[in-house]
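The residues of the chain are indexed from 1 along the displayed sequence.
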Amino acid sequence: MRRLSLIILCMSLLGGCVEPTEFATGYASNASPRDAARAAFAQATAGLGEKPLKGVVFAVYYPPAGFSPATPEAYRIDATAEAVAAEEIAALCKTRGAVPNIGVRGRGITREGVHLGRGISVLAIFGGGETKAALVPIKPDRKATASELVEVLRPMANLQAVFAFGEMSLQFEPGADRAGFASTLTRGLSSRAMVFLAGGMNDPAATSDPLGSVQFYNGEAYTGGLAVMAIASPGMRLFSTTRHEFIPADPAGVLTKVQRGWAVRIDGKPALAVYRQRRGMAAEERLVPDSKYPIAINVGSRRYVTMVVDWVGRNGNDSHGQKSILPPGSMRFRQRVEEGSVIDILTGGDDATSIASSAAAAARRSVDTALNGNAKPSLLWVGECHQRVSRWCHSAGFFGGVNPAEESIALQSLRQTIDSRLAMDNRNAPRLPIFGIVGMGNFAPFGAEYKGADHVFQQNVVTATVLAHQP
């Protein structure tokens with residue numbers, strides 16, 4: 001595994017200006033990662049015919065054979081199996097010419113956009129348009145990282161989609177502001193391309209995170225970088241919807257006092273007391289950081305979901321037992337907040353039905369919007385936050401995997417929702433490919449600026465995006 005320090009570029013591949021960009025998917029979970037890579041690649045490329053393969057994007061997740069952790073902290077990874085799968089994908093791409101390929105260690109694998117325990121998912125890109133792959137080092141200065149990526153992507157006319165595989169900490173440091181990674185990147189690009197960010201939380205070379213992010217680029221494994229596949233196509237349009245599984249408690253609150261980005265008071269009262277009361281938390285229920293206690297910040301017409309990550313108790317100590325300089329009852333969220341913000345305190349969300357149905361609802365809305373705009377869908381991308389899957393698994397008692405019966409229901413729900421909607425317009429509509437990666441969250445456009453940013457990373461949501469051709 002190599003630590004990335006320099007930008008690496010792969011050649012761009014050009015197609016006709018009118019021909020639409022097309023996609024196909026494959027999935028396999030063979031015990032042998034090499035066999036799984038071959039099977040998934042074969043599925044994804046089976047229908048190409050004479051069309052040239054433009055690029056391959058994949059996610060791989062191989063815990064040790066027979067592994068089923070008793071707690072979420074016990075996860076482990078078979079890094080050798082991942083490397084073998086990535087090498088095989090690169091070798092298969094080489095047989096079809098100089099086909100750029102990137103991949104990422106997923107925090108789980110999806111088939112048809114629904115979480116599975118292990119294996120490899122492959123997305124093949126073909127047809128018209130231009131693709132470019134690159135590997136960009138992540139710098140301590142996140143703004144500089146985004147600026148370097150902008151320089152790589154700026155020459156691409158009609159840039160529409162950017163698959164960026166790296167670390168979720170890209171947006172956590174320094175946070176969602178005008179110097180943040182997401183806003184710097186989206187402001188710097190000439191077109192309003194949509195960025196699909198996926199990967200683990202941290203660099204495993206610099207931390208002890210067993211599910212830290214690893215990027216794969218042309219068969220090599222890297223840490224500390226962003227593996228990028230960009231698509232430029234004049235006729236491509238993107239239609240995106242974000243949903244969550246929570247229910248807003250009544251009433252909404254206003255952050256009436258904020259210090260250092262922490263919520264100190266909600267509606268004039270200690271934030272922690274208001275939060276617990278409106279969620280209906282029993283006295284003995286203890287908060288858990290960054291897992292299952294969310295709020296939604298109201299920004300324009302949208303709601304931005306973020307999690308409780310720290311708080312100050314009555315004794316003046318924070319959640320780590322350290323004395324805090326902030327008043328008792330203060331709360332910190334993953335996103336720094338500003339005074340005057342309107343927030344919803346969110347409840348529920350721990351059951352499989354609400355989690356699966358929110359994904360299906362997001363997908364249906366995106367497909368509806370595309371079809372109503374006379375666009376022809378070519379791919380549905382489902383970006384899932386790992387925390388949603390984690391709550392699903394652990395609440396059902398299936399540590400390390402989804403209840404097979406619930407998984408089957410979720411698969412059917414998403415696929416049937418999409419197929420039935422497409423059939424309403426055309427009974428002979430081709431089957432829409434669905435691809436997704438379980439990561440740590442999504443970039444989501446705000447309805448207006450918040451703390452100087454119009455794009456930000458948010459957790460515990462599902463984002464369903466239709467990539468479509470609009471003549």
Side-chain angles (χ1 to χ4, degrees), residues 25 108 110-116 194 196 198 237-249 292 294-307 344 346-373 375 377-393 395-396 402-403 405-425 429 431-439 441-447 458-468:
T25 61
T110 69
R111 175 166 59 92
E112 296 279 87
V114 174
H115 176 271
L116 299 173
M194 186 165 291
F196 302 93
R237 299 293 180 267
L238 283 77
F239 305 87
S240 190
T241 304
T242 297
R243 289 284 186 269
H244 60 76
E245 63 275 22
F246 304 110
I247 302 170
K292 57 182 293 186
I295 65 166
I297 305 172
N298 291 232
V299 184
S301 61
R302 298 177 184 266
R303 302 291 185 270
Y304 163 64
V305 179
T306 186
M307 284 284 166
D344 293 319
L346 303 177
T347 65
D350 282 342
D351 63 288
T353 300
S354 60
I355 293 172
S357 62
S358 61
R364 171 62 188 259
R365 173 64 183 273
S366 293
V367 172
D368 272 343
T369 308
L371 294 175
N372 292 339
S378 53
L379 175 70
L380 172 64
W381 168 279
V382 181
E384 275 281 14
C385 177
H386 172 72
Q387 292 288 8
R388 282 168 45 96
V389 177
S390 179
R391 285 198 308 278
W392 180 350
C393 295
S395 65
V402 175
N403 180 325
E406 293 177 346
E407 172 195 300
S408 177
I409 292 171
L411 280 167
Q412 292 174 15
S413 174
L414 186 59
R415 172 50 70 184
Q416 289 176 0
T417 296
I418 299 309
D419 288 351
S420 62
R421 177 60 185 91
L422 290 170
M424 289 171 61
D425 275 37
R431 191 175 176 87
L432 181 64
I434 302 176
F435 188 78
I437 293 176
V438 178
N442 298 278
F443 279 171
F446 278 168
Q458 67 171 332
Q459 305 165 275
N460 287 275
V461 297
V462 56
T463 299
T465 304
V466 169
L467 287 73

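Counting all heavy atoms, side chain and backbone alike, Pro433 lies closest to Ser378 at CD-O, 3.4 Å. In terms of heavy atoms, Asn460 sits closest to Phe246 at O-CE1, 3.9 Å. The two atoms that bring Val305 and Pro294 nearest to each other are CG1-CB, 4.1 Å, heavy atoms only. Among all heavy-atom pairs drawn from Ser240 and Thr465, the shortest one is OG-OG1, 2.9 Å. The minimum heavy-atom distance linking Leu346 with Pro248 is given by the pair CD2-CA, 3.8 Å. The two residues Thr347 and Ala249 come nearest to each other via the heavy atoms CG2-CB, 4.2 Å.
The shortest distance between side-chain heavy atoms of Asp344 and Asn298 falls below 4.5 Å. Between Leu371 and Met424, the closest side-chain pair of non-hydrogen atoms is not below 4.5 Å. Taking 4.5 Å as the limit, some side-chain heavy atom of Ile434 sits within range of a side-chain heavy atom of Arg415.
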Residues Asp368, Arg421; criterion side-chain contact (heavy atoms from CB on, under 4.5 Å); working and verdict: CA-CA 8 Å; Asp368 272 343; Arg421 177 60 185 91; 2.2 Å; yes

Worked verdict on Val466 versus Thr369 for side-chain contact (heavy atoms from CB on, under 4.5 Å): CA-CA 9 Å; Val466 169; Thr369 308; over 6 Å; no

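Taking the side-chain contact (heavy atoms from CB on, under 4.5 Å) definition, one finds that Ser358 meets it with Arg243, Glu245, Arg388, Val462, sequence neighbours left out. Thr417 meets the side-chain contact (heavy atoms from CB on, under 4.5 Å) test with Ala360, Arg364, Ser413; sequence neighbours excluded. Residues meeting the side-chain contact (heavy atoms from CB on, under 4.5 Å) test with Arg237, sequence neighbours left out: Gln160, Phe239, Gln470. Listed by chain and number, the residues in a side-chain hydrogen bond (donor to acceptor under 3.5 Å, both in side chains) with Ser366 are Thr241 (sequence neighbours excluded). Scanning for side-chain hydrogen bond (donor to acceptor under 3.5 Å, both in side chains) contacts around Ser354 gives Asp351, with sequence neighbours left out.
Of the inter-residue distances, the one linking Arg431 atom CZ with Ile418 atom CD1 reads 11.0 Å to the nearest 0.5 angstrom. Annotation: the span from Leu238 atom CG to Leu379 atom CG amounts to 9.0 Å, rounded to 0.5 Å.
Just one of Thr242, Ile297, Ile295, Val461 meets the side-chain contact (heavy atoms from CB on, under 4.5 Å) condition when paired with Tyr304; it is Ile297.
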